[in-house]
There are 2 protein chains.
Amino acid sequence: MKMSDVAKLANVSAATVSRVLSQPEKVSKETREKVLDVINKVKYKPHIVARQFRTQETKIILVVVPDITSAFFSKVLRGIEHIALENGYQVILGDTENDIERENSYINLLLQKQVDGMVLLTARLDKNKLEELASEFPLVLACEYVDGLNVPTVSIDNVSSARKATEHLIQLGHSKIAHITGPINIILSRDRLKGYRQAMISNDLEVDPAYIQEGDLSFESSYNETLKLLSLSTPPTAIFVFNDEMAMGTIKAAKDSGLSVPNDLAVVGFDNIKMSTVFEPNITTIDQPKFAIGKKAMELLLHLIKGEPMKKKKFVMKDELIIRESTLIK
Amino acid sequence: MKMSDVAKLANVSAATVSRVLSQPEKVSKETREKVLDVINKVKYKPHIVARQFRTQETKIILVVVPDITSAFFSKVLRGIEHIALENGYQVILGDTENDIERENSYINLLLQKQVDGMVLLTARLDKNKLEELASEFPLVLACEYVDGLNVPTVSIDNVSSARKATEHLIQLGHSKIAHITGPINIILSRDRLKGYRQAMISNDLEVDPAYIQEGDLSFESSYNETLKLLSLSTPPTAIFVFNDEMAMGTIKAAKDSGLSVPNDLAVVGFDNIKMSTVFEPNITTIDQPKFAIGKKAMELLLHLIKGEPMKKKKFVMKDELIIRESTLIK
DNA sequence: CTGAAAGCGCTTACAG
DNA sequence: CTGAAAGCGCTTACAG
C-alpha cells in the first residue's frame, strides 16, 4: 500500500495525501477527514526511506561512544536520546570499544548521508580531519574534546575538577598523594593529570613521578597500579583515580593489602556513577552532569542541523565534588 | 557529487559505476580501475539513502532495550552489534526505560520500513500484536519472551536456573529462604519465582507468602524489601534475589541491619554482571551468556531477513551457577 | 562487458 | 484548496 493507492481510494491526488500527513493545515477539513478515514481503514504507513530520499534528510543522528557498557556513557547517551526523540530523531549507536579504527569508520555514515549529524563522545581522531568534517556536517563533541578545535563541545572543566579533587585530599592533611591516570593518549587523562599537578604544585607539594601511574580504564588496571603504589618504600596515603570504576579497583587493592579506606588510604574517583554510592566505602568523586551533557550536546546538534548560527562553541557544564566515606575519616 | 557525475568523468555510464561499487566482478579490470581512479580522486561516496530506497532495504536493524544503563543489557547489545556490523548492518537503539508505550512506538520503525528487522530485549506487548508483527517482519525476541509465542526467541531457561539457585541455598542447609522478585508483570519475574517455588516444594520446604516480595529492578527497592523481610518475626536466613543489582541492595540492607553476609544471611543474585565480582562480598549468581545471547539473536534475525527457513524457534542458552562469597560461609 | 531506461515512493514548486 | 509533474540518486532487468 503506497500513497498513490490511498489517493485513489480517497479520490484525491497523492499530493493531497502527502499534505494531509505533513502539512494538514493546507488541506480543507472535509478533504482531510476523507483522507484520514482511508489511511486508518487501510492502516497506511508512509514509506520513510522514500521520504528521507526525497527530503534529503534522514532524521537519524549517530552517537559514537567509546564504550557502551560504561555506566557513565550510557547516561549521557540517554540524555542525547531524550532530546533526539522529542525532536523526531532516531539514534544510531556507534560503539567503538575504544578502537580508533572503529571511530574512524563511523564517519562514513555521515559522508554517505545516512545520518543528519553526529555526536562524538570520543574524539581521538586527527584534529584536522575533525575540523574538515565539522565544516561539512553537523558535528558536536561531548565529554571528550580536542584542544583548540573550533567545533561545538560540551564537557566539564576536567582540569579544575581534578584540581578540586586533589585539593580536597590536601585539605584533609594528605601530602603523599598519588594519581592513577586513564590512558594518557586520551585528553581527559592529560587534563585530569594537569589538575592534579596544579593542586600539588600550588600547595608546595612535591609531585613524585613514581606517584603517577597510568591505568587503562579498567577496574583491574587500577587494582594492579595501586598494588604497585602501595609497595613503594614511601607509599601514598591518598590516591586520586581517573574514574569511579578504577577507584573501586584501587579500594579493592587497598583492602586486599590489609589497609583500611579511608583510614590508611583515602581515595577519590571521578564521574559519580551509581556504583560509587553503593560500593563500600562510598566513593568521594566528581559528579559530572551526565544526562545534562547529553541533552545539551543534542540540542547543539539540532541547532547545527537547522543551520542556526552558533556564536559560542565551548559549553562547560558544572561539576561538583561529592565527599563520601572513601576520604572522610570517621 | 553523484554517481552520474563520476560516470561522466570516467566516460562510462552510471550503471557501470554502480556495478564497480556493488558487483565489481561484472566489470572488466580496465574499466573498473578507471572508475575507481575517478572515485578516489573526487572522494565520491554513494548516497546510501538512495540505495536504500532503490533496493528497499536499509541495512539497519532496531534493538529495543528496556534499560540502556543496565550492565546486563549493554552486554547483550554489544553481542548484537558485533554480528550486525560484521554483516554490514547498523543498529538503531530503542531505549524504552521500561515504558510499554515507548516499546509500542518503536514498532513504527518497522511498519514504516525504516529498519529491516527488530530485536526485542523486552516483550511486554500484546501477544497477538507481536505474532501479527512477526508474520510480516523479521522479529526476534531475546532475554525476555512470551509464553506460547511462535517467534524466534533466545534466552536461558529462567525456571530451571532459578531452581538451581534456590537449591544451592537449600544444599547449604537453609530452609528459611525468601525471594525478592522483579516486577511481576514481567515474565522473567514469574519464571524465576516459579523456579524458586519448585525448588522449595520439591525439597518439602514451606513457601511462606511473606517470604516473597516484589521489587522493581532497582537497588533501592531490594534494599527496602530486604529490611521488611528481616523485620519479620521469623526472618529468612537466605534470600534469592531477582538480579545482581538488586542483590547488592539486599546485601547492603543486611549490613546496615548489623548482619553479616553470608554468615547471618546468604544471598544469591542473577545475571553475573561485572559488579557481582567486585562487590563485597562477591555475589553468588546465575551467569547468563550475555554476549552470546546477543550474537545468537542477531544471527537469527539475519536468517529471517534473508528469508531462510527456520525450523527451530526457541533457543535456550546455557546458564551457570557461580558460587561466591555471598553464600559460602568461610 | 556495457549502456539506456525504468522505477523505487515520496514531496513540493508551480499553476489554476 | 487541489492536482499534474518533476525529481531526489541509485540499481537492475533487458538488450546488444
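Order of the sequence lines fixes the chain letters, A, B, ..., with proteins taken first and strands second; residue numbering starts at 1 for each chain.
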[X] side, atom [atom1]; [Y] side, atom [atom2] - distance, nearest 0.5 Å:
{"X": "B/Leu109", "Y": "B/Asp116", "atom1": "CG", "atom2": "CG", "answer": "12.0 Å"}
{"X": "B/Thr16", "Y": "B/Lys34", "atom1": "OG1", "atom2": "NZ", "answer": "8.5 Å"}
{"X": "A/His303", "Y": "A/Met298", "atom1": "NE2", "atom2": "CE", "answer": "11.0 Å"}
{"X": "A/Thr122", "Y": "A/Glu97", "atom1": "OG1", "atom2": "CD", "answer": "12.5 Å"}

- Query: Going by an N to O cut-off under 4.0 Å, is there a salt bridge joining B/Lys29 and B/Glu33?
  - Reply: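 Salt bridge present between B/Lys29 and B/Glu33.
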- Task: Grab the CD-C1' distance between A/Glu25 and D/dC1 for me, whole Å please.
- Result: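 About 12 Å, once rounded to whole Å.
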- Query: Could you run down nucleotides 7-16 of chain C 5' to 3' and tag each one B, S or - for protein heavy-atom contact under 4.0 Å?
  - Reply: BBBBBBB---
- Task: Please lay out, stage by stage, how B/Lys129 and B/Asn104 fare under the test side chain to side chain contact (heavy atoms under 4.5 Å, CB included).
- Result: CA-CA 10 Å; B/Lys129 184 156 190 177; B/Asn104 195 38; 2.9 Å; yes
- Message: If I pick the C1' atom on C/dT12 and the same atom on C/dG16, what distance separates them, to the nearest angstrom?
- Response: 16 Å
- Provide the distance between the two P atoms, one in D/dG9 and one in D/dA13, to the nearest whole Å. 23 Å
- Task: Starting at the 5' end of DNA chain D, write a dot or bracket for each base, bracketing those in Watson-Crick or G-U wobble pairs whose two distances are under 3.5 Å and using | for partners on another strand.
- Result: |||.||||||||.|||
- Short side-chain N/O contact to D/dG3 OP1/OP2 from A/Ser13, under 4.0 Å: yes
- For B/Asn158, enumerate each residue passing the side chain to side chain donor-acceptor pair (under 3.5 Å) test, keeping only those at least two apart in sequence or located in another chain.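 Counting only residues at least two positions away or on another chain, B/Asn158 forms a side chain to side chain donor-acceptor pair (under 3.5 Å) with B/Tyr145, B/Arg192.
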- Message: Classify B/Val12 by what it touches in the nucleic acid, base, sugar-phosphate, or nothing, heavy-atom distance under 4.0 Å.
- Response: sugar-phosphate
- Message: Could you walk me through whether A/Leu141 and A/Val154 satisfy the side chain to side chain contact (heavy atoms under 4.5 Å, CB included) test, starting with their C-alpha distance in whole Å, then the side-chain angles of each, then the deciding distance to 0.1 Å, before giving a yes or no?
- Response: CA-CA 6 Å; A/Leu141 304 189; A/Val154 186; over 6 Å; no
